[in-house]
Undergrad: 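Sending over a structure as structure tokens; questions will come in a sec.
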Amino acid sequence: MAVESNQLGAPSERLLSRRRLEQFPWWLLIILSIILFMLVRIIVDPLYRSIFDTIQQGLVTTLSVTAIAFVFSLMFGLILGLGRVSTNPILRNLAITYIEFVRGVPILVLIFTISFALVPMIVRTIGLPNSAISLTTRAIIALVLIYGAYIAEIVRAGIESIGPGQMEAGRSLGMTRRQTMQYVILPQAVRNILPAIGNDLIALLKDSSLISVLGVREITQVSRLSVSTTFRYEETYFILTLFYLSMTLLLSLILQWIQHRVRVRG
Amino acid sequence: MNQPMILIEHVSKYFGNFRALDQVNLSVNAGEVLMIIGPSGSGKSTLLRCINHLEVPDAGRLVVDGILLDNNEAHINAVRAEVGMVFQRFELFPHLTVLENICLAQQKVRRRSRSESEAIGRALLEKVGIPEQAHKHPAQLSGGQQQRVAIARSLAMQPKIMLFDEPTSALDPEMIKEVLDVMLDLARDGMTMVVVSHEMGFARNAAHRVAFMDQGRIVEQGPPETIFVNPRHERTQLFLSRILH
């Protein structure tokens, strides 16, 4: 492509404005328009309004299950990830076994297995009644056990992204492996894996819809229950889609902003 | 105490089938500056890294400052606390400021207070000539400045021995001198030093002894004037003719 320029060699005004047009995030505008269009319908159309109100009743469950599961997955994933890079072969192999096991089975199947096989088995062993652990708690346990394994792989990649020279530098200053990990490797690794962790938070929010199979009344389950009596498939599922889309979009914008701030500070 | 600061006896090291070190014997006395030269792959860096156990020898014996380097973690840490190391690629901690880089191990290993470690850190930055850079991050410094910070970081642990692994190889030519000057000062202060480098200026001005390595062995060693002017071995002559154009 020939570069348009004036005599001074600077790009012309026309070229600059065309670049600005090309750089503009049109996709965001399109998605926001769709959301806006749906919101307007919800406001003006009483039917849409009532379905929106129904689905909204599951929102707190969706958000709290996602938030709680995310916090515990982070902790579990960090421990698993550290086990994954451990020099102790027993720890390392235990961690790898667990991670590969979880990654080899579909999330939906794991949710069934953990909620209806693993948890009852443990509960029975301890000697408690099966009803001691609610389905919502089981759903959270399942998501933590699954996402812990995914986050462990991210943690491992983050630690391995820091060259061996940093560990050698720490060790040659007399610091132990644990100290070097804590004060040198992990702080750098965390910064590197922030985008990937953010992606997993969004994925977790979306996968929280799978726990509807347990009957947990989050937004997907509430929608399914609603259509089973109203038969308003179209309106209900479009609005449900809108819920997820708005949440993931908002979350990804917040995450981008956080990452930007971390990079500027770094 | 008459025993050498570093005693290396029959040390061998293999990487797979590659013999990196072949029955190396070497001793370095307190206050001595030893320079190791040789072609790449000759084992000089491996030998240096064995001294603070970054590489674990497959055979032989290493005694550093009277401590036998076996696989006992306490012995290894004791040796590492007495041995400073400067790397080719600096290996500063990029998420910490210059001063924090120098203070971290002081606080975590030497258990010094924040104010004490910072006072030592500032004094060392003064010594290496960059006191004004204390609160910058490593990425904001030139290569020469970064390497001087790395030296200060090692010195903060008050080591008895300093190891230098090609400390000027990653530097732009105009920054080599500032790093060598710091190393020369150290040598004059009587620091025991083992330096893997091909800097002839440093060899002439500071080294007490030069060892030439090839294929995992020390081929010959002696005072710099002897090695550089009258090398006995053909391989030494060939190597020197290539680097001393």
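Sequence lines set the chain letters: A, B, ... in the order given, protein chains first and strands last, and positions in each chain run from 1.
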Undergrad: Counting only heavy atoms from other residues, nucleotides and ligands, does the tally under 6.0 Å from CZ of A/Phe76 exceed 12?
TA: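 More than 12 within 6.0 Å, yes.
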Undergrad: Pick one of side chain, backbone, both or neither for A/Gln179, based on which atoms fall under 4.5 Å of a heavy atom in chain B.
TA: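 Contact with chain B is through the side chain of A/Gln179 alone.
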Undergrad: Would you say CZ of B/Arg89 has more than 12 non-hydrogen atoms from neighbouring residues, nucleotides or ligands within 6.0 angstrom?
TA: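 Open: at most 12 neighbouring heavy atoms sit under 6.0 Å from CZ of B/Arg89.
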Undergrad: What do you reckon, is CD of B/Glu132 surrounded by more than 12 foreign heavy atoms closer than 6.0 Å?
TA: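 Count over threshold, so yes.
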Undergrad: Of all the residues in residues 42-59 of chain B, which have a heavy atom that comes within less than 4.5 Å of a heavy atom in chain A?
TA: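 Within residues 42-59 of chain B, the residues that come under 4.5 Å of chain A (heavy atoms only) are B/Arg49, B/Asn52, B/Leu54.
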Undergrad: Taking all non-hydrogen atoms of both residues into account, name the closest pair between B/His95 and A/Tyr183 and its distance.
TA: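 Minimum heavy-atom separation between B/His95 and A/Tyr183: NE2-O, 2.9 Å.
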Undergrad: Tell me, for B/Leu92 versus chain A, whether the close heavy atoms (under 4.5 Å) come from the side chain, the backbone, both or neither.
TA: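 Interface part for B/Leu92: backbone (N, CA, C, O).
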Undergrad: Taking 4.0 angstrom as the limit, do A/Arg171 and B/Glu73 come out as a salt bridge?
TA: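 Salt bridge present between A/Arg171 and B/Glu73.
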Undergrad: Considering residues, nucleotides and ligands other than A/Ile90, do more than 12 of their heavy atoms fall under 6.0 Å from its CD1?
TA: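 Not more than 12 within 6.0 Å, no.
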Undergrad: Please report the shortest heavy-atom distance between B/Phe93 and A/Ala169, naming the atom on each side.
TA: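 Result for this residue pair: CE2-CB, 4.0 Å.
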Undergrad: What residues, two or more places apart in sequence or in another chain, satisfy salt bridge (charged side-chain N to carboxylate O under 4.0 Å, His left out) together with B/Lys108?
TA: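 Result, salt bridge (charged side-chain N to carboxylate O under 4.0 Å, His left out) vs B/Lys108: none returned.
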Undergrad: Just wondering, more than 12 heavy atoms not from B/Phe15 lying within 6.0 Å of its CZ?
TA: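 More than 12 heavy atoms, drawn from other residues, nucleotides or ligands, come within 6.0 Å of this atom.
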Undergrad: What's the shortest heavy-atom distance between B/Ser154 and A/Leu173, and which atoms?
TA: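 Heavy atoms of B/Ser154 and A/Leu173 come nearest at CA-CD2, 4.1 Å.
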Undergrad: Tell me, with the steps shown, if B/Leu96 and A/Val184 meet side chain to side chain contact (heavy atoms under 4.5 Å, CB included).
TA: CA-CA 9 Å; B/Leu96 302 177; A/Val184 177; 5.7 Å; no
Undergrad: Using a cut-off of under 4.5 Å on heavy-atom pairs, state which of A/Gln166, A/Met175, A/Met167 scores highest against chain B.
TA: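 The residue among A/Gln166, A/Met175, A/Met167 with the greatest pair count is A/Gln166.
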